[in-house]
2 protein chains.
Amino acid sequence: MKAPPLSERIRASIEARILSGEWPPGHPVPGEAELAAQYGCARMTANKALSALAHAGLVERRRRAGTFVARPRSQSMVLEIADLAAEVTARGDAYAWRLTSRTQARSDALGSLGDVLEIEGVHLANGVPLAFERRLVKLAEVPAIAAADLAQVAPGTWLLAHAPWTEAENRISAQAAPSEVAKALGLPKASPCLTVERRTWRGDAPVTLVRQYYVAGAWEFVARFGAKG
Amino acid sequence: MKAPPLSERIRASIEARILSGEWPPGHPVPGEAELAAQYGCARMTANKALSALAHAGLVERRRRAGTFVARPRSQSMVLEIADLAAEVTARGDAYAWRLTSRTQARSDALGSLGDVLEIEGVHLANGVPLAFERRLVKLAEVPAIAAADLAQVAPGTWLLAHAPWTEAENRISAQAAPSEVAKALGLPKASPCLTVERRTWRGDAPVTLVRQYYVAGAWEFVARFGAKG
DNA sequence: TAGTGGTCTAGACCACTAA
DNA sequence: TAGTGGTCTAGACCACTAA
């Protein structure tokens with residue numbers, strides 16, 4: 001057991017008072033100069049502690065006014081979204097991908113009009129359908145995918161390795177499976193599905209738009225807040 | 001347009017090279033001393049830039065070895081989870097809560113055996129059922145809730161204001177609505193629902209466990225990664 | 001064992017803004 | 001206008017670990 005750094009001890013001590021309710025929202029937090037005097041440290045060390053708390057959204061800092069406990073508007077949870085192939089494998093299951101359709105067309109679904117590759121297929125875990133996906137990829141942004149063998153490797157896996165993105169947005173919802181999705185997943189008509197619509201960008205340019213339909217009960221997303229694993 | 005701080009410019013310049021693919025995973029990133037020489041700044045300024053990148057998971061730093069572009073294992077999206085009342089109101093809809101059941105019992109569903117308050121009710125937007133929730137609250141951790149008027153204020157809203165937590169976990173999935181849930185929401189039997197199971201802790205002690213069933217199509221969770229709003 | 005990151009110091013100047 | 005945060009400097013000592 002090694003003592004944590006001083007800046008971390010200062011940070012944790014303030015965090016504890018906020019989370020315990022001792023310092024409610026709006027309550028003033030000691031400033032950098034005061035903390036430096038109190039802990040006998042340099043102002044930079046106190047700054048590091050307060051900056052980390054501000055970054056985490058626990059305090060608000062205003063020039064001239066000071067530092068205050070933030071009002072809890074919303075909590076930002078961290079949602080880890082890995083490649084489906086990697087996640088199924090990490091779970092100890094056998095992953096497989098079955099390409100069912102691959103067409104090329106002109107579309108404006110990705111912002112501007114342009115050539116897009118449309119891919120449909122099914123992700124399987126231990127041979128059982130886990131999710132159906134329909135994906136559009138902007139060929140102007142990712143020309144190399146035209147030559148990729150998407151029967152062997154899922155497009156998401158391929159893109160992760162070949163086309164970095166800078167922005168992503170995931171919309172998670174639920175719906176009854178449309179008939180073609182139910183058929184692809186081997187489900188009764190209108191079975192409940194967990195759906196994810198994901199868009200990614202490189203800079204301002206849209207790269208891909210994918211809609212995935214997960215078999216209800218076979219998948220869940222876990223979002224966490226806090227220090228625990 | 002004001003020039004961003006030097007440490008931020010250094011950080012952004014490295015980030016750009018990583019996201020463009022110019023520096024692939026595993027590629028070495030200039031160390032603190034090298035950046036300081038290159039930019040003519042103090043080592044602390046370079047440290048700030050590299051520490052921020054490490055915190056964001058874009059680089060890995062190893063003593064003696066150096067700093068390297070991180071391999072993209074998974075992407076941590078930020079999922080904002082606000083209080084349902086606040087979120088419905090922010091959307092411009094009228095929020096209401098209808099308490100349907102409130103009982104007290106002994107249960108070990110929250111870790112250890114103890115008295116729990118069990119609350120059931122429906123969240124409404126513009127008078128239309130949006131979600132059903134069933135919640136357990138550990139009375140030993142939140143004794144004040146016994147006196148709260150949970151017909152007037154939803155338990156989640158009350159807890160946000162009165163019982164801070166330090167850890168939270170959300171599991172998002174989908175399922176067919178159980179019959180009592182379908183009834184409470186005014187849905188046909190086995191309608192698809194988006195479900196959230198949320199546990200919160202204060203330190204090591206479980207505070208609450210709630211399961212919410214959202215009407216499919218009426219709600220979605222949005223998780224983002226990147227600089228965009 | 002030598003080089004990297006991790007942390008800290010004791011100053012400094014400035015921007016911003018509430019009083 | 002005075003006090004707070006924002007950022008930076010030019011050092012320092014140390015822990016760790018790959019070579």
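Each chain gets a letter, A, B and so on, in the order its sequence line appears, and its residues count up from 1. Note: hydrogens, waters and symmetry copies are ignored here, and every other heavy atom, side chains too, is used.
Listed pair B/Thr45 / D/dT9 meets the phosphate criterion, a side-chain N or O lying under 4.0 Å from OP1 or OP2. At the phosphate of D/dG6, OP1 or OP2 sits under 4.0 Å from a side-chain N or O atom of A/Arg61.
One interatomic measurement links the two molecules: CZ of B/Arg62 to C1' of C/dA2, which rounds to 18 Å at whole-angstrom precision. Going from atom CZ of A/Phe68 over to atom C1' of D/dG5 covers 12 Å, rounded to whole Å. In this entry the distance linking CG of A/Leu53 with P of D/dG5 reads 13 Å, nearest Å. Look at CG on B/Asn47: it is 14 Å from C1' on D/dG11, rounded to the nearest Å. In this structure, B/Tyr39 atom OH and D/dA10 atom P are separated by 18 Å, rounded to whole Å. Atom-to-atom, CG of B/Leu35 to P of C/dG6 comes out at 13 Å; the value is rounded to the nearest Å.
The backbone N or O of A/Ser112 sits less than 3.5 Å from a side-chain atom of A/Lys138, completing a donor-acceptor pair. The backbone N or O of B/Ala174 sits nowhere less than 3.5 Å from a side-chain atom of A/Trp219 that would complete a donor-acceptor pair. Here the side chain of B/Arg9 pairs a donor or acceptor atom with the backbone of B/Pro4 at under 3.5 angstrom. At least one donor-acceptor pair under 3.5 Å links the side chain of A/Ser20 to the backbone N or O of A/Arg17.
Within the 4.0 angstrom heavy-atom criterion, only backbone atoms of the sugar-phosphate kind lie near B/Thr67; the bases stay farther away. Residue contacts for B/Leu50: at a heavy-atom cut-off of 4.0 Å it reaches no nucleic acid atom on any strand shown. Residue contacts shown for A/Ser51 are absent, as no nucleic acid heavy atom lies under 4.0 Å away.
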If you restrict it to nitrogen or oxygen atoms, what contacts under 3.5 Å exist between nucleotides 13-16 of chain C and the protein, and what is each distance?
{"residue": "C/dA15", "atom": "N3", "partner": "A/Arg63", "partner atom": "NE", "Å": "3.1"}

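Using a 4.5 Å cut-off on side-chain heavy atoms (C-beta onward), B/Ile18 and B/Val59 make contact. The shortest side-chain heavy-atom distance between A/Cys41 and A/Ile10 falls under the 4.5 Å cut-off.
Using a 4.0 Å cut-off on heavy atoms, the residues of residues 25-33 of chain A that approach DNA chain D are A/Gly31, A/Glu32, listed by number.
Applying the side-chain hydrogen bond (donor to acceptor under 3.5 Å, both in side chains) definition to pairs two or more places apart or across chains, those involving residues 84-93 of chain B are B/Arg91-B/Asp93, B/Asp93-B/Asn126. Screening residues 140-149 of chain A for salt bridge (Lys or Arg N to Asp or Glu O under 4.0 Å) gives A/Glu141-A/Arg202 as the qualifying pairs, with residues at least two apart or on separate chains. Sorted by first and then second residue, the salt bridge (Lys or Arg N to Asp or Glu O under 4.0 Å) pairs involving residues 32-45 of chain B (not counting sequence neighbours) are B/Glu32-B/Arg43, B/Glu32-B/Arg61.
The environment of NE2 in A/His27 is crowded: more than 12 heavy-atom neighbours from other residues, nucleotides or ligands sit within 6.0 Å. B/Arg98 CZ: 12 or fewer foreign heavy atoms inside a 6.0 Å radius.
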- For A/Leu79 and B/Phe221, what are the C-alpha separation, side-chain angles and deciding distance, and is it a side-chain contact (heavy atoms from CB on, under 4.5 Å)? CA-CA 11 Å; A/Leu79 178 64; B/Phe221 290 97; over 6 Å; no
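Here the nucleotide nearest the side chain of A/Ala42, chosen from C/dA10, D/dG5, D/dT7, is C/dA10.
With DNA chain C read from its 5' end, the first of the two nearest nucleotides for A/Ala65 and A/Ser7 is the one closest to A/Ser7. The 5' end of DNA chain D is approached more closely, in terms of each residue's nearest nucleotide, by B/Lys48 than by the other of B/Met44 and B/Lys48.
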- Would you sketch DNA chain D in dot-bracket for me? Only Watson-Crick or G-U wobble pairs with both distances under 3.5 Å count, crossing pairs as [ ], other-strand pairs as |, the rest as dots. ||||||||||||||||||.
